[in-house]
Protein chains: 2
Amino acid sequence: MSTVGRALSGDARISERTKHAVRAAAEELGYVGNLPARMMRGGSSNLIGLILPDIQNDFFASIAQALSESCDRQGYRIVLSITGDDPETEVRHIRDFVGARVAGIILVPSADLKRESIALLRQVPHVQLLRYAGGPDDLWFGIDDSDAMERATSHLLDLGHRSIAYVAASERLSTGRRRLEGVHNAYRKRGIPPSSLATFLDAPTSTWGERAVHEMLALPERPTAILSGSAHVTMGIIVALRRAQIAIPGQMSVIGFGDPNWCEWWQPPITVIRPPIQSLAVNCALWFMDRLRTPEEKLVRSYHATSSSELILRSSTGTPASR
Amino acid sequence: MSTVGRALSGDARISERTKHAVRAAAEELGYVGNLPARMMRGGSSNLIGLILPDIQNDFFASIAQALSESCDRQGYRIVLSITGDDPETEVRHIRDFVGARVAGIILVPSADLKRESIALLRQVPHVQLLRYAGGPDDLWFGIDDSDAMERATSHLLDLGHRSIAYVAASERLSTGRRRLEGVHNAYRKRGIPPSSLATFLDAPTSTWGERAVHEMLALPERPTAILSGSAHVTMGIIVALRRAQIAIPGQMSVIGFGDPNWCEWWQPPITVIRPPIQSLAVNCALWFMDRLRTPEEKLVRSYHATSSSELILRSSTGTPASR
DNA sequence: TTGTAGGCGTTATCAT
DNA sequence: ATGATAACGCCTACAA
């Protein structure tokens, strides 16, 4: 009978006594409202799809944590998709999210969103995080990649480095493009020909960091500094240098990307670019949940928000002259 | 018309031509089946709730990754709950999971499942992972904590250590209890009085690891070895020792728990107990999904599976005599 | 204050 | 081979 439903949803017309009775009975029986049924009536779910390339990456784990907390506070739950940057997995998960009628999707897209992914995203509110891969809407929260790398590069140039190796993700990722742009900007603004810049661009993995170091050590003119444009790459670089017994910063200066604890503990502690992932994720979550409540007709079709990174100076950088 | 539904679900009675036509039209319109509606008809969802204390912990991140992959392969999606070991958050999320009619729940429970959590779990298939906190069903996948710690302790005792500090999670967690048990077993089997064992049990955090080190350094008789019973604690121990300028293993032997990469890279590399979390998670996922397909009447009511850990010997342990 | 009825999208069943 | 119908659980407009 409808009295029950009304009591549970706290309808004003129901007496307090009845409400208590009903609530008690519900508790007793372990009754829990049926979300799917609610949704069928047109209500929307409290699920937000979160699409990440990799949850073991510190970077994305922090994002998941911050998003999850923020969303939880407003009653939203996270459905997790880990794509491994595979567009096929990505499209499959998006399709499922749409099928499950999630309230919205927050995604760190793979380099190449499939056509179908884009079509599917058209059917559901979404926002891109960190990376921007085109798509139906122009909604994006990210860090100012270009500025961050420009400052890091400038730091190295100011220390006198003229032969710098830049190891990062390829330009297929939007972040890769913007970061490389920043590196170039630093050279340009100082009027230094970028010919002395060696770039090693590929997948943002520690494996690639290691391989890049091996390649650059084989170069006729060995760089005096390495600049990393990805968290995992940083790890690979450091391990490879240690294995090659190249002292930091004695024989090689290093600036890392991202700031897990070990950057501080490492001997010597690593200078890093620290992107504000916490606040980025929180901002994104809050903005997105607000948008989910915004009536269709008032929605903006374009929104970009960039946060700036910090350059954390530690002892892993030195002047090339000191060698 | 019902022909459409049949065509999409591949009913045998529908001609191939019609099917193709329908599929094409569906594709065209971007039609995606409505999961909530399907569920209302009694079908079950393809969502599995995953409850973890903390996704930034390497340990749990690996589990999330492995579970997610295994589940994905069979079409299941993960709804993520991060509890921060807070029983209130936990019960809220479990309630939501039940409300969303997830197919099942895989959980690393907090120390104290609330009564309501237990009642709710009664309504949905579930399995506990790593920790076991009682509850309606007696289904659990974990590591053989006792054995792992016994072997690690034995290793230290065999090296001649007689004054060992054990830093770990409190006995409120099932894992904490079993691990302490293992430590004691090692002493008992060797007939060594455990009076020389100093235990520092509290929350499994790096903060606790640091504080415990400070406390033990203030002891009249400083231990010659530290044994960690938690991944985060390990990190805290190492940082605190470095800050106190105590050399490993010169002045203090250390055995860590868990095996993130930095254990290997740290100078000197850290000897660790490596629990087989990958295989644990995969085993658990496969078993659980199989169970979800098992008819009610054939379900076992009790199932325990423990995997054994490896002891990875590296250079962070030495003999007390060498000092 | 409480009851009734209808509809959300899907699919199993029954009828054509 | 295809169409019509009922039912799942919830909510709400309307009736009593």
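The structure displayed is predicted, hence computed values, not measured ones. Worth knowing before you read on, the calculation uses all heavy atoms, side chains too, and leaves out hydrogens, waters and symmetry mates. Labels below follow one simple rule: chain letters A, B, ... track the order of the sequence lines, proteins then strands, and each chain is numbered from 1.
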**Study point:** Given D:dG9, C:dT2, C:dT10, the nucleotide with the shortest approach to the side chain of A:R6
**Key:** C:dT2

Review point. Any idea which of C:dG9, D:dG9, D:dC14 is nearest the A:R13 side chain?
Key: D:dC14

Check your understanding: Separation of B:N34 atom CG from D:dG9 atom P, in whole Å?
Key -> 16 Å

Check your understanding: Can A:D85 and A:R131 be counted as an ion pair, charged N to O under 4.0 angstrom?
Key -> yes

Practice item. Would you mind classifying the nucleic acid contact of B:R38 as base, sugar-phosphate or nothing, using non-hydrogen atoms under 4.0 angstrom? Key: sugar-phosphate

Revision key, fill the gap. note: B:L29, atom CG; C:dG9, atom P; distance rounded to Å ~ 14 Å

Review point. What is the nucleic acid contact for B:G33, judged by heavy atoms within less than 4.0 Å: base, sugar-phosphate only, or nothing?
Key: sugar-phosphate

Review point. B:M39 CE to D:dC8 P: how many Å, rounded?
Key: 16 Å

Review point. Take atom CD in B:E27; do more than 12 heavy atoms of anything else shown fall under 6.0 Å from it?
Key: no

Point to revise | Pair of N/O donor and acceptor under 3.5 Å linking D:dA4 base with B:S2 side chain | key: yes

Practice item. Consider only side-chain N and O atoms of B:E90 and B:S81, and report whether a donor and an acceptor are under 3.5 Å apart. Key: no

Check your understanding: In whole angstroms, how far is the C1' atom of C:dT1 from the CD atom of A:E16?
Key -> 14 Å

Check your understanding: Between atom OH in A:Y31 and atom C1' in D:dG9, what is the gap in whole Å?
Key -> 7 Å

Check your understanding: Are B:Y303 and B:D137 close enough that a side-chain donor and a side-chain acceptor fall under 3.5 Å?
Key -> no

Practice item. Round to the nearest Å and state the distance from B:R41 atom CZ to C:dT11 atom P. Key: 8 Å

Review point. Across the strands shown, which category fits A:T3 at heavy-atom distances under 4.0 angstrom: base, sugar-phosphate, nothing?
Key: sugar-phosphate

Review point. Rounded to the nearest Å, what distance is computed from the CG atom of residue B:L8 to the P atom of nucleotide C:dA12?
Key: 13 Å

Check your understanding: So which one's nearest nucleotide on DNA chain D is more toward 5', B:R101 or B:A12?
Key -> B:A12

Review point. Between D:dC8, C:dT10, C:dT2, which one does the side chain of B:A37 approach most closely?
Key: C:dT10

Review point. Over how many whole Å does the gap from A:I14 atom CD1 to C:dT1 atom P extend?
Key: 8 Å

Point to revise | Enclosure of A:E297 CD (heavy-atom neighbours >12, cutoff 6.0 Å) | key: yes

